[in-house]
Amino acid sequence: MTKMEHENLQIGPEIYGELLQGCVYERALYTGQQIHARILKHGDFFSRNDYIATKLVVFYAKCDVLDAANSLFFRLRVKNVFSWAAIIGLNCRMGSCEEAIMGFVEMQENGVSPDNFVVPNVLKACGALGWIGFGRVVHGYVMKVGFDGCVFVASSLIDMYGKCGVLDEARKVFDGMIVRNAVAWNSMTVGYVQNGLNEGAIGVFYDMRVEGVELTRISVTSLLSASANLDALEEGKQGHAVAVISGMELDNVLGSSIINFYSKVGLIAEAELVFSRMIEKDIVTWNLLISCYVRNGQIHKALNMCHLMRSELLKFDCVTLASILAAAADTRYIKLGKEAHCYCIRNNLDCDVVVASSILDMYANCRRIDDARRIFNSISHKDIVMWNTILAAYADLGLSGETLRLFYQMQLEGISPNVISWNSVILGFLRNGRVNEAKDMLTQMQSSGVQPNIVTWTTLITGLSQKGYGDEAILFFQKMQEAGIKPGAPSITSALSACTDLVSKHHQNFIYENAIYEIAFTEPESLPGIINHLLKDVDLLP
DNA sequence: GTGCGAGTAC
């Protein structure tokens with residue numbers, strides 16, 4: 001260009017356009033700015049040229065220069081689909097999702113029809129905001145103008161529906177696709193994981209392999225998340241194997257998801273090995289190894305990692321502190337807990353809801369219920385987890401009156417109790433020996449439409465058994481199974497202990513003693529059957 | 001132009 005200028009050759013708008021296009025391609029901000037300067041030097045002729053002006057908007061938008069892109073865009077005389085697309089995409093990348101969606105509406109109001117390049121960005125914004133209603137509007141537009149055959153659009157629809165929690169719709173779009181690429185498959189897998197359907201995600205991953213679609217880092221990352229959530233050792237190991245065999249780059253995200261998987265299944269040495277092999281580690285990677293140690297009771301290693309992390313000049317964030325607070329809570333290490341609390345205050349991390357709940361939990365676990373309560377009272381926006389943390393703290397102490405009072409208070413403040421809230425109220429009554437109230441709460445819970453989970457049943461079975469109501473404990477053990485819940489080790493243990501109590505209490509016949517003797521040598525899987533068998537005889541007891 | 005990783009409550 002400089003040479004052309006020296007030789008006094010005419011540089012037309014097309015040449016500037018091409019040059020800017022090249023800068024977009026290379027994300028060459030500085031060069032593009034220089035070209036912009038030359039354009040301005042030529043005066044109004046070029047800078048008022050619609051073609052060049054649009055190219056400039058696209059250029060600044062792609063380089064994420066918000067101010068320049070916006071001001072040039074507003075000065076455009078003719079806003080075409082390219083400039084709108086650039087601005088919508090920029091807003092989307094900057095996290096201004098509402099702006100992106102408004103752009104989609106405005107461009108249509110101005111008579112410009114969104115193309116299939118704009119639609120994915122708008123759908124992304126809908127997904128991020130959870131605006132399912134608007135997402136459906138965009139889907140309607142897609143069908144109307146016939147973009148549904150575009151893989152980019154369809155993949156974005158899958159992602160949007162998944163993020164909005166409407167997995168059925170995501171699946172419908174996926175099933176309706178004629179040609180699916182890896183992104184479509186990955187969006188579907190991710191949708192399952194994000195909606196807690198981890199088995200479904202693993203299923204999609206396997207289908208993907210069967211169909212011969214090339215697996216990407218993202219496919220493996222999603223599989224590893226699902227496996228971690230399910231404690232699915234084999235599946236997760238296969239995911240790691242796929243990553244190694246396919247020679248996938250062990251980047252921050254893939255590496256972190258492998259560490260997360262090994263951490264969840266308790267394979268600490270494997271997590272450490274992956275950590276040590278990662279070239280680049282970010283805050284998430286470090287936090288994962290720290291939480292791995294905390295989760296597995298290795299507090300000293302966790303704290304040591306914290307020190308190493310600081311020597312790498314990384315600053316602790318909310319997640320780091322949540323892990324440290326959990327470590328302090330688990331070990332009732334009040335000194336560490338207070339230090340962590342102070343760190344949160346100094347670094348403004350205590351306003352994070354998760355950190356705040358962790359602080360509460362830490363004080364409660366360290367037997368400082370008054371400190372926990374003071375902090376709880378000082379928090380203006382309390383979420384369900386925070387309420388449940390304080391409920392659990394009082395319930396654990398057997399202060400059923402205060403637990404119940406807070407339980408009503410949370411509802412007055414517009415938070416509906418979930419199964420965990422109810423479980424704490426039940427536990428509070430049981431710890432206080434108020435067995436009838438505990439049972440009554442179960443009835444109330446069910447009539448309020450909240451279904452008891454395995455913890456509810458185990459709490460009741462254990463509590464009743466400990467308070468000497470062995471027959472009732474066994475009754476609830478039976479009810480749990482009638483409700484379709486498979487007993488776990490804690491409920492089986494409590495039911496067994498209820499049986500032994502009944503035997504000794506009633507100085508009963510050999511049936512129980514023999515049964516318990518047998519139970520002692522039985523595989524855990526068959527225990528529920530044995531206990532159920534015992535129930536028949538329990539009914540015969542006086 | 002579309003897809004990915006971490007922390008809290010029973």
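Each chain gets a letter, A, B and so on, in the order the sequences are listed, and its residues count up from 1. No experiment lies behind these values; they were computed from the predicted model shown.
Among the nucleotides B:dG5, B:dA6, B:dC4, the one closest to any side-chain atom of A:D317 is B:dA6. Comparing atom distances between the A:I218 side chain and each of B:dC10, B:dG3, B:dG7 picks out B:dG3 as nearest. Closest to the side chain of A:T389, out of B:dC4, B:dG1, B:dA9, is B:dA9.
A:K281 and A:F275 make their closest contact through CE-O, 2.9 Å (heavy atoms, listed as atom of the first residue, atom of the second, distance).
Residue-level contact check: A:S222 touches neither bases nor backbone, having no heavy atom under 4.0 Å from any strand. Contacts of A:V151 with the nucleic acid, taken as non-hydrogen atoms under 4.0 Å apart, include base atoms. When heavy atoms are screened at a 4.0 angstrom cut-off, A:D251 is found touching no nucleic acid atom at all. Among the atoms of the strands shown, base atoms are found under 4.0 Å from some heavy atom of A:V385. Residue A:S225 is in sugar-phosphate contact alone, with no base atom involved, counting any heavy-atom pair closer than 4.0 Å across all strands shown. Within 4.0 Å (heavy atoms only), A:K281 reaches no atom of the nucleic acid at all. The residue A:D383 sits apart from the nucleic acid: no heavy atom pair falls under 4.0 Å. At a threshold of 4.0 angstrom between heavy atoms, the contacts of A:R295 are confined to the sugar-phosphate backbone, with no base atom among them.
Residue A:T221 places no side-chain atom within donor-acceptor reach of the base of B:dG3, judged by atom type and a 3.5 Å distance cut-off alone. For A:D352 against B:dG7, a side-chain-to-base donor-acceptor contact under 3.5 Å is present. Counting distance only, with no hydrogens placed and no angle test, the side-chain atoms of A:S357 and the base atoms of B:dT8 include a donor-acceptor pair under 3.5 Å. Between the side chain of A:D282 and the base of B:dG5, at least one donor-acceptor pair of N or O atoms lies under 3.5 Å. Side-chain N/O atoms of A:S156 and base N/O atoms of B:dT2 include no donor-acceptor pair closer than 3.5 Å. Contact of A:S256 with B:dG5 (side chain to base): a donor-acceptor pair of N or O atoms is detected under 3.5 Å.
Listed pair A:N260 / B:dA6 meets the phosphate criterion, a side-chain N or O lying under 4.0 Å from OP1 or OP2. Between A:Q194 and B:dG3, a side-chain N or O to OP1/OP2 separation shorter than 4.0 Å is absent. In this structure, A:K163 does not reach the B:dT2 phosphate: none of its side-chain N or O atoms is under 4.0 Å from OP1 or OP2. Put simply, A:K124 has a side-chain N or O that comes within less than 4.0 Å of OP1 or OP2 on B:dG3.
In summary, the aromatic rings of A:W185 and A:F174 are positioned with their centroids under 6.0 Å apart.
Side-chain N/O atoms of A:N296 and A:K301 include no donor and acceptor closer than 3.5 Å.
At whole-Å resolution of the value, OH in A:Y25 and C1' in B:dG1 are 13 Å apart. Rounded to whole Å, the distance from CG on A:L325 to P on B:dA9 is 11 Å.
Ion pairing between A:E169 and A:R136 holds under the 4.0 Å rule for side-chain N and carboxylate O.
Aromatic ring orientation, A:Y363 versus A:H341: perpendicular (interplanar angle above 60°, classes split at 30° and 60°). By the 30° and 60° cut-offs, the orientation of the rings of A:F476 relative to A:W457 is tilted.
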